[in-house]
Amino acid sequence: MQALGTLEDLPETYRKALTAQNLVPLWPSLRAVLPPGKPTLRTRPTCWEYKALRPLLLEAGELTPIEKAERRVLVLANPGHGLEKMQASACMYLGMQLLMPNEWAPSHKHTPNAVRMIVEGEGAYTTVDGEKCPMSRGDLILTPTGLWHEHGHDGNAPVVWLDVLDLPLVYYTETSYVTEGKAQAVTGTMNERAYAHGGVLPAPMFSRGSDRRYPMLRYPWVDARAALVAQAQAHPEAEAVQVAYVNPETGGDCQNILGFSALMLRPGESLRLPVRSPAMVFHLIEGGASVDIDGTTFSLAPADTCCAPGYTPVTLKNLSASEPSFIFIADETPLHRKLGVYEVRA
Ligand code: GTQ
């Protein structure tokens with residue numbers, strides 16, 4: 001590839017004349033913005049151990065009352081982007097949120113989409129668009145763009161969950177903002193039970209479901225786990241055992257920008273993932289697994305979370321020869337497909 005002229009090649013008077021007109025020559029920066037063959041990846045393989053994070057999160061519970069935090073969250077920041085950017089990858093934000101018994105995180109709505117993967121504790125709930133969603137370990141709860149949400153806790157021990165938002169992307173596009181609101185009236189709960197049986201949906205003639213853009217807000221872990229175990233039994237020859245969290249009315253991605261799935265590693269299984277353009281986040285729900293990201297290997301215990309840049313080989317291994325391991329995955333696939341930049345390389 002041809003070496004291009006640099007800024008220093010240009011006379012200083014010319015450079016100053018350009019700057020004075022808010023003009024910039026492309027060629028000194030062309031290779032930086034269009035590198036050959038593969039993008040420049042700021043996202044670094046990074047792992048956040050729950051064992052190290054948990055005491056610091058609980059300490060935040062003592063240091064900062066919920067009224068002074070609104071959302072009491074420690075952000076899982078990727079040093080490759082700079083910690084102050086509060087991003088795990090180009091488009092994903094991760095945060096561990098703590099709610100103590102009797103605390104309340106007030107109602108608001110915002111343009112970024114959020115989901116919560118429940119990590120620890122019982123008795124908390126989030127109310128989304130009037131629907132009260134109880135939180136249990138492994139449940140996935142959606143807070144799609146523009147829907148009111150607030151968190152409460154009637155239990156007696158700390159509750160922790162992992163927030164996954166497309167905040168970095170929405171912020172970058174200068175469309176990120178919040179609206180504060182009053183406590184919501186609860187109008188329903190467990191609406192997801194209407195979709196709990198595969199292959200049958202509420203009938204369109206009578207259903208209120210089909211006119212809701214986000215018909216399913218809560219994906220109980222018991223159901224996702226049972227689907228994985230059943231899939232492993234039904235298709236022992238399958239390359240991988242994985243379920244996607246989808247909109248049950250359309251079968252498409254459950255949210256617009258980020259994609260979510262759960263994967264079961266069979267006892268002793270080693271799984272080489274296809275090399276694809278989207279960055280990925282792995283959160284271990286159950287078992288023990290290693291994640292090798294192009295030679296960087298993280299060993300995940302339950303509740304540990306790591307991220308991998310796109311365009312990078314990733315191999316997942318179950319560290320147990322006798323028990324399955326279960327991994328929650330978030331990635332940027334829906335966005336890449338919409339942008340037309342989605343790629344599979346191997
Ligand atoms: O729970 O609504 O981690 O608004 C960041 C922003 C959580 C939330 C985050 C939020 C929330």
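Residue numbers run from 1 in the order of the sequence given. Just so we're clear, the structure is a prediction, and the values are computed from it rather than from any experiment. One-based numbering, in listed order, for ligands and for the atoms of each.
Across the listed options M96, R71, E150, R71 owns the non-hydrogen atom lying nearest to atom 8 (C) of ligand 1.
Without hydrogens or angle criteria, Q255 side chain to A114 main chain gives a donor-acceptor distance under 3.5 Å. A donor-acceptor distance shorter than 3.5 angstrom exists from the side chain of D304 to the backbone of Y50, with no hydrogens or angles considered. In this structure, T46 contributes its side chain and R44 its backbone to a donor-acceptor pair below 3.5 Å.
The shortest contact between atom 6 (C) of ligand 1 and any protein heavy atom is with L165 CD2, 4.1 Å. Atom 5 (C) of ligand 1 has Y93 OH, 3.4 Å as its closest protein atom, hydrogens excluded (heavy atom only). Protein heavy atom closest to atom 7 (C) of ligand 1, with residue, atom name and distance, is D163 OD2, 3.3 Å. When hydrogens are left out, the protein atom nearest atom 10 (C) of ligand 1 is H110 NE2, 3.9 Å; that is the closest non-hydrogen contact.
In summary, of the residues considered (R212, R218, M216), a side chain to side chain contact (heavy atoms under 4.5 Å, CB included) with N191 occurs for R212 alone.
Polar contact with ligand 1: absent for W161 (N/O pair, distance under 3.5 Å).
Within ligand 1, the atoms closer than 4.0 Å to a non-hydrogen atom of V73 are 3 (O), numbered from 1 in the order shown. Each of the following atoms of ligand 1 lies closer than 4.0 Å to a heavy atom of R116: 1 (O), 2 (O), 8 (C). Residue Q97 approaches ligand 1 through these ligand atoms, each under 4.0 Å from one of its heavy atoms: 1 (O), 7 (C).
Between D331 and R276 there is a salt bridge, since at least one side-chain N of the basic residue sits less than 4.0 Å from a carboxylate O of the acidic one. Salt bridge absent: R272 and D292 never bring a charged side-chain N and a carboxylate O closer than 4.0 Å.
Checked against side-chain contact (heavy atoms from CB on, under 4.5 Å), T127 has the following partners two or more places apart in sequence or in another chain: Y125, K132, E150, Q184, V186.
The closest approach between any non-hydrogen atom of H151 and ligand 1 is below 4.0 Å.
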